[in-house]
Each structure stands twice: as C-alpha cells, then as structure tokens.
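A short worksheet on the structure shown next.
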Amino acid sequence: MVRHMALALTVICPVGLGDVVTYEANESPVDDGWEITGEYCSPELSIGAGQFCQHVALCPGDDPPGGQFIAYSRSLADFDGAPTFFAEWRVRSDAPRTELFPWGGGAAVGLSGFGGVYYNAYIVSDRVWLRRHALLPFVFVDLQPSRPHTFRIELEGADRYTWLIDGAIVATGTPVGPYPSATPMFVWQGYAAWQSSTVCWDYIRYGDLKPRLAGDVNCDGQLDHFDIDPFVLALVDAPAYSAAYPDCPLSNRDIDADGALTNFDIDPFVTLLLAQP
Ligand SMILES: [Ca+2]
Ligand SMILES: [Ca+2]
C-alpha cells in the first residue's frame with residue numbers, strides 16, 4: 001500500500017511573519033514555530049553543527065513502499081497576494097535515486113495552496129524532481145551526490161517563476177498564476193519510501209523578494225558604491241551573501257543575465273557603476 005506519495009496538507013496555522021522568515025536549523029523546528037503537519041512511525045531526529053537531520057527508514061514490520069516521515073509546515077498567509085516572493089533552503093540527502101520518482105522520498109519541500117499553483121521539490125542524493133502544477137511537465141536536475149545543495153525559487157506575481165540550484169537558474173518561465181495564493185503554506189519533510197536515508201537541513205528562508213534592479217546587489221533600491229562590497233561577497237562567498245541578503249534576486253548581481261553570478265559579471269557591473277551620475 002502506498003501510504004504517502006506527496007506532501008499532505010491539513011494544518012493551517014497562522015503565525016506572525018516578517019518580511020523574511022528564517023529557520024537556521026540550530027534548534028528543533030517545533031521550537032522555532034513550525035507545526036508538525038504529519039508524522040509516521042517516529043523518525044530519528046538530531047540537531048548539531050547547525051543542521052537539523054531526519055533519519056527515515058521503513059517502519060518495523062511494514063512492507064515498502066511507505067516508511068517513516070515527519071513533515072513540518074507554516075502558513076504563508078502573511079504573504080498571500082504578495083507581488084513577489086522567494087524561498088531558499090540548503091539540504092543534503094543520501095537517499096538513492098530509487099526513492100525519487102514517483103515516490104517523493106528523500107527531502108521534500110512544498111510551497112502549497114488550494115488554487116492549483118504550487119512549487120514542489122523532491123531531493124535525493126544525486127537528483128531533484130521539480131514540480132509546479134499537476135498538468136505541467138516535471139523537471140529533473142542531476143546533482144553532485146551526497147553534498148548539500150542550495151535550492152531557491154523566485155516568484156514575481158503572474159510574470160515569472162525561477163528555480164535556482166546552487167545559484168544558477170535551472171528553470172524559469174511564466175507561471176500558471178501568482179503565488180503565494182489560495183491559503184498558501186510552506187511544508188518540508190524527510191521521507192523513506194523504500195529504504196532508509198538521512199536528510200540534513202542547513203536552513204530554510206523565505207519572504208518578500210526585493211525588486212529587480214541590475215547592480216543593486218545590497219537591494220537597498222539604489223545602484224551605488226555601497227553595492228561593491230556585497231557584489232564581491234556574492235562572488236567569493238555565496239553562502240555568506242545569501243545569509244546577509246536572502247531576499248535579493250539573482251538578476252541584480254547576474255549583470256550579463258546568463259543565469260548565474262560569475263566572473264563575467266564583474267566588467268558589466270563596473271560599467272553600470274561608472275555610468276551612474
Ligand atoms: Ca544598492
Ligand atoms: Ca552572469
């Protein structure tokens with residue numbers, strides 16, 4: 001019997017949210033205000049070294065598929081109708097690829113709602129399955145195995161969605177509709193469909209996405225010399241930049257618009273700066 005093939009959404013829990021919400025995995029998600037949306041057979045949980053880990057396995061006596069999981073959720077009601085939105089998380093899974101499709105095992109993140117627009121990512125050791133509407137083709141992206149990877153979605157109303165992995169665009173286009181919408185909710189979990197695996201979360205961040213402005217790398221709404229240090233930081237230490245400016249869109253530092261920040265953005269960034277009055 002298939003007990004669990006997708007994220008179950010049953011708990012609606014409004015919480016007070018600011019412009020950016022961060023969970024840095026230094027404490028239990030519950031202590032940080034996340035609700036347990038669903039749980040089966042008590043997975044082993046641990047916190048250490050800035051990570052929250054879920055070890056999931058088959059429940060003793062059960063036949064696969066359908067093992068342990070524990071899912072956490074938070075209402076996105078405070079962002080319902082927001083013109084822009086982002087979510088970013090860093091996670092490592094050692095789940096084999098057999099867990100992935102169509103089971104949704106390994107790590108899973110869902111930006112969900114009841115309006116048909118959603119963004120789901122299912123992550124195993126060496127692959128991710130991205131899904132955003134029941135009628136649209138899936139996107140699969142191969143990953144370097146058993147390493148943490150940074151996943152990010154940038155949403156600009158009905159105009160554009162952009163999936164990024166490790167700072168590079170992997171899929172972008174026109175969304176079916178705006179999101180967050182229709183009782184939006186953020187859900188994430190570790191899940192074992194066929195065999196055991198461990199999922200370790202470094203952080204989860206989400207909130208309003210700042211406006212696009214090429215060269216405005218500190219996202220204060222202006223392009224000036226205060227953007228130089230953040231630009232250098234983004235180039236040399238992407239995790240530190242992401243922690244400091246989580247709500248700044250890639251487009252502001254990807255000056256040549258090739259889908260990632262690289263050394264090839266330096267010259268056009270300087271040109272932009274010098275062109276300022
Ligand atoms: Ca700026
Ligand atoms: Ca670039």
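Positions are given from 1 along the sequence.
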Q.
For R97, is there an ion pair with D142 - N to carboxylate O distance below 4.0 angstrom?
A. yes
Q: Compare all side-chain heavy atoms of W201 with those of C53 and state whether any distance is below 4.5 angstrom.
A: no
Q) Does F138 have its ring centroid less than 6.0 Å away from the ring centroid of W129? A) yes
(Q) Looking at every heavy atom in both D265 and A257, which two are closest together, and how far apart are they? (A) OD1-N, 4.5 Å
Q: Drop me the distance from N120's CG to W188's CH2, to the nearest 0.5 angstrom.
A: 15.5 Å
Q: State the CG-OG1 distance between D256 and T271, to the nearest 0.5 angstrom.
A: 11.5 Å
Q. Should the heavy atoms of other residues, nucleotides or ligands under 6.0 Å from CZ of F140 be counted, would the total exceed 12?
A. yes
Q. Shared ILVMFWY cluster between I123 and Y23, side chains joined below 4.5 angstrom?
A. yes
Q.
So does A238 get a backbone contact from the side chain of S242, meaning a donor-acceptor N/O pair under 3.5 Å?
A. no
Q | C219 SG to L213 CG distance, which is reported to the nearest 0.5 Å | A | 8.0 Å
Q.
What verdict does the side-chain contact (heavy atoms from CB on, under 4.5 Å) test give for S197 and V56, after you've listed the backbone C-alpha separation in whole Å, the side-chain angles of each residue and the deciding distance to 0.1 Å?
A. CA-CA 6 Å; S197 68; V56 288; 3.7 Å; yes
Q: Please test Y72 against I204 for side-chain contact (heavy atoms from CB on, under 4.5 Å), starting from the C-alpha separation and ending with a verdict.
A: CA-CA 12 Å; Y72 300 92; I204 294 169; over 6 Å; no
(Q) Assess, by modelled atom type and distance only, whether the side chains of E156 and Y161 contain a donor and an acceptor separated by less than 3.5 Å. (A) no
(Q) For a 4.5 angstrom cut-off between non-hydrogen side-chain atoms, does V141 reach I165? (A) yes
(Q) Taking L143's backbone N and O only, do any of them form a donor-acceptor pair with R147's side chain (distance below 3.5 Å, no angle check)? (A) no
Q. How far apart are the closest heavy atoms of A243 and P246, and which atoms are they?
A. O-CD, 3.6 Å
**Q.** Within one Ile-Leu-Val-Met-Phe-Trp-Tyr cluster: L164 and V217, side-chain cutoff 4.5 Å
**A.** no
Q. Is it true that the side chains of T198 and Q54 contain a donor and an acceptor less than 3.5 Å apart?
A. no
Q. Would you say W89 and Y179 are hydrophobically clustered, going by side-chain heavy atoms of ILVMFWY under 4.5 Å?
A. yes
Q) Can N26 and Y203 be said to form a side chain to side chain donor-acceptor pair (under 3.5 Å), step by step? A) CA-CA 9 Å; N26 295 313; Y203 63 78; over 6 Å; no
(Q) Could you see if F86 belongs to whatever hydrophobic cluster contains Y241? Use Ile, Leu, Val, Met, Phe, Trp, Tyr and a side-chain cutoff under 4.5 Å. (A) no
Q) Do R131 and Y122 meet the criterion of a side-chain donor-acceptor pair at a distance under 3.5 Å? A) yes
Q.
Closer than 3.5 angstrom, by distance alone: can the side chain of D227 be matched with the main-chain N or O of D220 as a donor-acceptor pair?
A. no
Q. Do you know the tightest heavy-atom contact between P145 and D126?
A. CB-CB, 4.0 Å
Q: Please examine the side chains of S42 and C59, heavy atoms only from C-beta on, and report whether any two atoms are closer than 4.5 Å.
A: no
Q) Measuring from C41:SG to D62:CG, what's the distance to the nearest 0.5 Å? A) 6.5 Å
Q | Side-chain heavy-atom pair E99, W194 within 4.5 angstrom cut-off | A | yes
Q) Is there side-chain contact between C200 and F52, with heavy atoms separated by less than 4.5 Å? A) no
**Q.** Side chain proximity check, Y245 to K210, heavy atoms < 4.5 angstrom
**A.** no
Q. Measuring from Q189:CD to Q68:CD, what's the distance to the nearest 0.5 Å?
A. 12.5 Å
Q | Derivation and outcome, side-chain contact (heavy atoms from CB on, under 4.5 Å), residues V109 and F151 | A | CA-CA 10 Å; V109 171; F151 302 86; over 6 Å; no
Q. Checking Q276 side chain against D224 main chain: does a donor-acceptor pair fall under 3.5 Å?
A. no
**Q.** For the student: nearest non-hydrogen atoms of V199 and G190, plus distance
**A.** CG2-CA, 4.3 Å
Q.
Tell me whether D254 contacts the main-chain N or O of S251 through its side chain, where contact means a donor paired with an acceptor under 3.5 Å.
A. no
Q | Straight-line distance of H55 NE2 to E44 CD, nearest 0.5 Å | A | 6.0 Å
Q) With distance as the sole test, does H149 use its side chain to make a donor-acceptor pair with the main-chain N or O of Q144 at under 3.5 Å? A) yes
Q.
I'd like to know if the side chain of S125 and the backbone of P96 have a donor-acceptor N/O pair within less than 3.5 Å.
A. no
Q | Flag, side chain of N252 to backbone of D216, donor-acceptor distance under 3.5 Å | A | yes
Q: Indicate the atoms forming the closest heavy-atom contact of D202 with P148, along with that distance.
A: OD2-CB, 4.0 Å
Q) Can you name the nearest heavy-atom pair linking A193 to P64, along with the distance? A) O-CB, 3.7 Å
Q | D247 side chain near D208 side chain, heavy-atom distance below 4.5 Å | A | no
Q. Any side-chain heavy atom of V170 sitting closer than 4.5 Å to one from V139?
A. no
(Q) Closer than 3.5 angstrom, by distance alone: can the side chain of T22 be matched with the main-chain N or O of E24 as a donor-acceptor pair? (A) no
Q: Would you confirm whether the ring centroid of F186 sits within less than 6.0 angstrom of the ring centroid of F79?
A: no
Q. Is D166 reaching over with its side chain to a backbone N or O of T150, donor-acceptor style, under 3.5 angstrom?
A. yes
Q | Same apolar cluster: V270 and V236, side chain cutoff 4.5 Å | A | yes
Q: Determine, step by step, whether I36 and I70 satisfy the side-chain contact (heavy atoms from CB on, under 4.5 Å) criterion, reporting the C-alpha distance in whole Å, the side-chain angles of both residues, the deciding distance to 0.1 Å, and the verdict.
A: CA-CA 7 Å; I36 296 178; I70 183 164; 4.1 Å; yes
